[in-house]
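Keep in mind that this is a model prediction, so the values were computed, not measured. Below, read A as the first sequence line, B as the second, and so on, with proteins coming before strands; counting in each chain starts at 1.
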Number of protein chains: 2
Amino acid sequence: MFDRLATPGDRAQPTGHVTSLHPSDTRPAGSFQCTASDVLRWTGLGADASAATEGIRFGLRRVLAEQTLVHEGQHFENLYLVVAGSFKHVQIDLEGYEQVLGFAIHGDMLGLDGLGRDQHTCGAMALEDATVAVMPFAELQSLGHRLPALERLLHRATGTELLRRADTQYLMSAPSSEVRVARFLLQLSQRQRALGHSDRRLRLVMTRRDIASYLGVAHETVSRALTALVHEGCIAVAHRDIEIVDDAALRELQRLTRGRLPHDPRELVA
Amino acid sequence: MFDRLATPGDRAQPTGHVTSLHPSDTRPAGSFQCTASDVLRWTGLGADASAATEGIRFGLRRVLAEQTLVHEGQHFENLYLVVAGSFKHVQIDLEGYEQVLGFAIHGDMLGLDGLGRDQHTCGAMALEDATVAVMPFAELQSLGHRLPALERLLHRATGTELLRRADTQYLMSAPSSEVRVARFLLQLSQRQRALGHSDRRLRLVMTRRDIASYLGVAHETVSRALTALVHEGCIAVAHRDIEIVDDAALRELQRLTRGRLPHDPRELVA
DNA sequence: CGAATCTTTGAACTGAGTCAATTAAAGTGG
DNA sequence: CCACTTTAATTGACTCAGTTCAAAGATTCG
């Protein structure tokens with residue numbers, strides 16, 4: 001379903017010090033690059049890495065919290081792979097309101113909305129200090145002609161992005177805000193697990209407003225839904241740290257969909 | 001711009017004879033194929049057509065109304081380009097409810113969600129009798145290595161799909177159902193215009209239920225919103241034919257977003 | 001012509017948005 | 001390092017829009 005990143009084996013040291021990911025690295029300290037093999041590993045395609053991909057270098061770029069990596073309307077030139085930190089995908093609507101379209105974490109690709117056209121339609125802003133691998137699209141494309149692994153990387157990334165959007169639509173189609181929030185938390189949990197992190201302890205790196213925009217509800221509603229879930233014993237909330245206490249209950253709740261009555265009284269224990 | 005396909009006139013004989021699109025065609029009558037040049041033209045990349053693309057053939061496949069072209073979980077092998085008719089993208093959720101993720105019409109690509117993986121996650125069902133061009137992905141990929149036009153086709157299609165999903169999220173994030181429906185109509189209108197059809201007269205090829213699922217509201221609400229828009233003089237509704245009477249009013253209404261009060265009394269004339 | 005589905009409309013209830021106020025956290029500057 | 005400011009988060013009260021249930025038209029199809 002949400003197959004995310006890779007085999008449990010290759011995501012090793014998740015997002016630590018980027019340069020430290022390559023202990024045997026002989027590059028000068030200031031170079032700040034990574035190899036195509038790294039990129040493949042981070043996207044779950046480690047098996048496709050080879051000597052050839054080992055020789056290809058991509059620049060790394062640091063992005064401070066709140067900084068915009070991709071501006072709306074910006075010329076499309078590069079794709080970015082999130083190496084560390086996290087981002088939100090945003091689009092400003094006619095009124096100037098910011099619509100959050102999704103969140104990107106380690107292993108996710110940014111800038112795909114520019115594919116096939118000359119400028120980006122969505123922006124990407126760092127939620128915390130982050131690092132991305134910069135992959136010039138033209139370069140990636142020509143490399144892909146000779147290295148199937150890199151072509152596969154692009155296809156995999158776009159397919160994943162499409163899948164995630166479908167997931168988001170499913171999430172937003174929930175009639176109840178509590179269900180939306182529950183699904184959101186389960187989504188986060190699943191992505192954390194796919195990266196080899198704990199799927200019980202979540203750190204919300206985004207504000208409640210961001211979540212609210214993403215879910216299409218008022219930000220007060222997010223707060224209320226979270227406290228409701230706490231009272232039901234599903235989760236524990238401390239600031240931006242969330243612990244999933246009763247995974248089964250959360251999953252059960254999340255299934256509640258339009259048209260279904262709670263004929264099972266267990267759900268109303270409150 | 002685009003070949004004129006499927007105007008209200010030839011709907012009775014749904015997809016017409018596709019081969020008739022090429023009057024100078026010398027292929028045998030039964031071949032039922034199209035060229036890569038056709039595909040490029042239909043996707044708006046006609047400028048990239050060349051003698052080389054003219055020699056590449058793709059099979060055409062007819063799909064009857066209500067028939068499923070792509071099943072959820074089906075092995076990913078082909079991409080499909082909608083040549084005539086229309087489709088809905090669907091996903092069945094845990095309860096067995098069908099979630100409509102989007103609609104595809106002439107020039108749209110189907111099956112992109114399988115990119116980078118071995119099976120489809122979303123299904124595609126014909127809303128009316130339809131015709132698609134079948135493009136085996138492996139073939140398209142290898143052709144793309146020598147013909148940049150075909151590679152561009154794939155990128156363009158994925159980018160377009162991503163953009164459309166963002167549009168859908170924007171649509172679903174509207175707090176009021178009336179606004180959602182208004183945005184939906186404007187979306188349809190825009191796509192019709194892009195195809196060179198009238199952007200005033202819309203034929204809804206999907207049921208209210210489909211629209212409701214797509215918008216994340218109850219199907220009764222879609223009905224109510226439509227009649228409300230009629231009373232406001234924005235549109236005229238006859239069965240599944242909709243005419244956009246007051247485009248400006250519809251656009252104004254669609255702008256209404258969370259947090260804004262109708263301080264302009266003009267909006268409440270009802 | 002009748003069966004099935006689609007669509008519209010009505011009425012009641014409730015959940016979510018809005019407004020408002022309080023508390024908590026984080027960043028600023030003396 | 002601590003007042004001070006700003007932003008984020010929670011909670012409450014009220015209102016209304018949308019869901020749900022129910023039923024009656026309309027349309028399509030066999």
Side-chain angles (χ1 to χ4, degrees), chain A residues 64-66 88 97-98 100 127-129 172-182 203-213 215-231 235-242 253 256-263 268 270, chain B residues 11-12 14 64-66 88 97-98 100 127-129 172-182 203-213 215-231 235-242 253 256-263 267-268 270:
Chain A
L64 298 179
E66 310 285 307
K88 62 176 174 184
Y97 268 94
E98 176 187 282
V100 175
L127 292 167
E128 55 188 333
D129 289 0
M172 290 184 79
S173 73
S176 135
S177 65
E178 199 172 323
V179 173
R180 292 194 190 191
V181 172
R203 149 153 261 138
L204 299 185
V205 71
M206 66 293 283
T207 70
R208 300 283 140 97
R209 277 196 139 80
D210 288 333
I211 300 174
S213 171
L215 299 181
V217 298
H219 73 276
E220 296 98 325
T221 305
V222 175
S223 268
R224 277 189 256 267
L226 283 174
T227 59
L229 289 174
V230 169
H231 290 152
I235 61 173
V237 177
H239 313 296
R240 288 193 182 179
D241 292 297
I242 291 193
L253 207 155
L256 284 177
T257 280
R258 195 189 320 288
R260 181 167 164 281
L261 289 173
H263 52 269
L268 297 174
Chain B
R11 189 171 310 278
L64 298 179
E66 310 286 307
K88 62 177 174 183
Y97 269 94
E98 176 187 282
V100 175
L127 293 168
E128 54 187 334
D129 290 358
M172 291 184 78
S173 73
S176 136
S177 65
E178 199 172 321
V179 173
R180 292 193 191 191
V181 172
R203 147 154 262 140
L204 299 185
V205 71
M206 66 294 284
T207 70
R208 302 284 195 266
R209 277 197 140 79
D210 288 334
I211 300 174
S213 171
L215 299 181
V217 299
H219 74 276
E220 296 97 325
T221 305
V222 174
S223 268
R224 278 188 254 266
L226 283 174
T227 59
L229 289 173
V230 169
H231 290 152
I235 61 173
V237 177
H239 314 295
R240 287 193 183 177
D241 292 296
I242 291 193
L253 207 156
L256 284 177
T257 280
R258 198 188 317 290
R260 182 167 166 281
L261 289 175
H263 52 269
E267 298 171 14
L268 296 174

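Taking A:Glu220 as the reference, nothing meets the side chain to side chain donor-acceptor pair (under 3.5 Å) condition, with sequence neighbours excluded. With sequence neighbours excluded, the residues satisfying salt bridge (charged side-chain N to carboxylate O under 4.0 Å, His left out) with A:Asp241 are A:Arg203. Considering only residues two or more places apart in sequence or on other chains, A:Glu128 meets the salt bridge (charged side-chain N to carboxylate O under 4.0 Å, His left out) condition with none of them. Contacts of A:Ala236 classified as side chain to side chain contact (heavy atoms under 4.5 Å, CB included), with partners at least two apart in sequence or in another chain: A:Glu243, A:Val245. With sequence neighbours excluded, the residues satisfying side chain to side chain contact (heavy atoms under 4.5 Å, CB included) with B:Ser176 are B:Glu178, B:Val179. For B:Thr207, the side chain to side chain donor-acceptor pair (under 3.5 Å) partners two or more places apart in sequence, or in a different chain, are B:Asp210.
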Subject >> Base-contact (B) and sugar-phosphate-only (S) positions in nucleotides 23-28 of chain C, heavy-atom cut-off under 4.0 Å, - elsewhere >> reply: --S---
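Here D:dG12 presents its P atom at 14 Å from CD of A:Glu220, a figure rounded to the nearest Å. Atom-to-atom, CD of B:Glu66 to C1' of D:dT28 comes out at 12 Å; the value is rounded to the nearest Å. For the pair B:His231 NE2 and C:dT9 C1', the interatomic distance rounds to 11 Å; values are reported in whole Å.
Not one N or O on the side chain of B:Arg208 forms a donor-acceptor pair closer than 3.5 Å with the backbone of B:His219.
One finds no side-chain N or O of A:Arg240 lying less than 4.0 angstrom from the OP1 or OP2 phosphate oxygen of D:dA8. Between B:Thr227 and C:dT8, a side-chain N or O to OP1/OP2 separation shorter than 4.0 Å is absent.
Map B:Arg208 and B:Arg224 each onto its nearest nucleotide of DNA chain C; the residue landing nearer the 5' end is B:Arg208.
For the helix from C:dT7-D:dA24 to C:dG30-D:dC1, the terminal axes (five pairs an end, C1' atoms, rotation from four pairs onto the next four) enclose an angle of 50°, given to 10 degrees.
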